[in-house]
Colleague: 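This is the structure, below, for whatever I ask next.
The chains referred to below are lettered A, B, ... by the order of the sequence lines, with proteins before strands, and numbering in each begins at 1.
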Protein chains: 2
Amino acid sequence: MIDRALERFRQVVRARALKASKVREAVVRAALTLEGHFSVDDLLRVLHASGVHEAHMATVYRALPLLVDAGLIQATLTAQGESQLYEVVFEREHHDHLVCTGCGRVVEYQSQALLALEREIAERYEFELDVRTIELHGRCKSCRRGEARGGRSLHV
Amino acid sequence: MIDRALERFRQVVRARALKASKVREAVVRAALTLEGHFSVDDLLRVLHASGVHEAHMATVYRALPLLVDAGLIQATLTAQGESQLYEVVFEREHHDHLVCTGCGRVVEYQSQALLALEREIAERYEFELDVRTIELHGRCKSCRRGEARGGRSLHV
DNA sequence: ATTACTGCAAAATATTTGCACGTTG
DNA sequence: CAACGTGCAAATATTTTGCAGTAAT
């Protein structure tokens with residue numbers, strides 16, 4: 001799997017007349033092993049843990065857009081504060097997120113109907129979809145119980 | 001309209017045992033006059049232009065979450081870099097965004113079917129929806145024309 | 001009187017950039 | 001050898017916070 005990803009990555013690198021680089025491919029390898037949502041910092045930790053001690057923050061920041069363009073990872077949960085999170089999308093099932101505004105819990109779900117609808121909308125406006133950021137925000141069941149105490153009070 | 005918004009805002013303020021404040025209400029008034037997407041800086045400029053010269057950046061940053069909780073504005077286009085953008089949602093039609101990854105153009109669209117589907121999904125996971133961030137990213141027609149020249153090349 | 005609100009400046013954070021050197025094609 | 005990649009540190013930019021004084025309840 002990582003081999004196919006690396007191959008695809010190299011295609012993009014070549015297509016742009018860039019050069020191969022060990023550190024950058026180590027970033028690809030490290031990213032592809034990650035399971036859930038990860039930050040640049042998480043990725044850096046994995047790199048260091050796997051012996052690539054040279055890997056520097058700036059290098060990771062510079063490499064990530066390439067991984068995104070190669071369709072290996074995708075920025076997600078962009079509405080969360082702090083730092084940008086990513087997740088692997090290469091050869092994984094597409095899913096969207098439901099985020100609880102109370103406890104921050106993130107539920108992943110899949111909906112073929114939603115996917116179809118998105119495509120239809122994109123088509124209507126003559127867009128060629130490439131990233132779908134569908135983030136629904138709301139309060140989960142357990143967070144709603146404590147609501148009377150004067151937390152956020154108005155709902156759509 | 002602004003009166004209804006202010007009334008709603010005051011409800012939230014009261015509900016939290018906070019105090020009324022002129023500057024904060026000026027922020028509400030200024031925000032409600034804005035048409036499209038705006039940043040904190042935009043809002044600040046409007047405030048200054050309308051004579052509220054005291055209004056300070058920190059005050060605006062502190063006020064915005066209240067406007068959000070009151071359902072007057074909503075953070076949007078969270079995947080764009082730079083600074084957080086907002087838009088007025090109070091008594092306006094709901095819409096979502098289609099963002100071109102090439103030129104940054106943003107198209108707004110409405111889809112009842114999408115809305116219904118979102119609600120259905122939220123219900124399935126027992127979430128009470130409160131903000132819907134549906135941001136579709138792709139390349140618009142005119143940006144796709146220049147594609148062969150080696151820009152982003154892979155699509156989903 | 002008590003507690004919140006404000007402006008200011010400083011702090012904290014995340015990401016980007018310039019530069020000198022190493023590596024690749 | 002020409003161009004790209006890297007580490008490092010410094011720079012940017014945005015948002016947050018502590019503080020001292022002001023305003024609201």
Colleague: DNA chain D: B:K19 or B:Q84, which has the more 5' nearest nucleotide?
Modeller: B:Q84

Colleague: Working to the nearest 0.5 Å, report the span between CG of A:L114 and NE2 of A:H94.
Modeller: 7.0 Å

Colleague: Could you tell me the separation between the CZ atom of A:R14 and the P atom of D:dA3, rounded to a whole number of Å?
Modeller: 21 Å

Colleague: Measure from the side-chain N and O atoms of B:R24 to the backbone N and O of B:K19, and report whether any donor-acceptor pair falls under 3.5 Å.
Modeller: yes

Colleague: Any luck finding a side-chain donor-acceptor pair between A:H95 and A:E87 under 3.5 Å?
Modeller: yes

Colleague: Choosing from D:dG5, D:dG7, C:dC8, which nucleotide comes nearest the side chain of A:T59?
Modeller: D:dG7

Colleague: D:dT25 P sits how many Å from B:L18 CG, rounded?
Modeller: 11 Å

Colleague: In whole Å, I'd like the distance from the CZ atom of B:R10 to the P atom of C:dA4.
Modeller: 20 Å

Colleague: Please report the interatomic distance CZ(A:R45) to CZ(A:F38), rounded to the nearest 0.5 Å.
Modeller: 12.5 Å

Colleague: To the nearest angstrom, how far is B:L85 atom CG from D:dT14 atom P?
Modeller: 11 Å

Colleague: Of all the choices, D:dT15, C:dT6, C:dC8, which nucleotide is nearest to the side chain of B:S21 once you look at every atom?
Modeller: C:dT6

Colleague: When the ring planes of B:Y125 and A:Y109 are compared, do they come out parallel, tilted or perpendicular, using 30° and 60° as the limits?
Modeller: tilted

Colleague: Would you mind reading off the distance between B:K22 atom NZ and C:dC5 atom P, rounded to a whole angstrom?
Modeller: 15 Å

Colleague: Classify B:A58 by what it touches in the nucleic acid, base, sugar-phosphate, or nothing, heavy-atom distance under 4.0 Å.
Modeller: base

Colleague: If you check the B:R62 side chain, which of C:dC8, D:dA23, D:dG7 turns out closest?
Modeller: C:dC8

Colleague: Using whole Å, what does the distance between atom C1' of nucleotide C:dG18 and atom OH of A:Y61 come to?
Modeller: 18 Å

Colleague: Would you mind reading off the distance between B:D41 atom CG and D:dT15 atom C1', rounded to a whole angstrom?
Modeller: 12 Å

Colleague: Give A:R24 one of three labels, base, sugar-phosphate or nothing, depending on what nucleic acid heavy atoms sit under 4.0 Å from its own.
Modeller: sugar-phosphate

Colleague: Please give, in whole Å, the distance from D:dA24 P to B:R16 CZ?
Modeller: 21 Å

Colleague: Which of the following nucleotides, C:dC19, D:dT17, C:dT15, is nearest to the side chain of A:M57?
Modeller: C:dT15

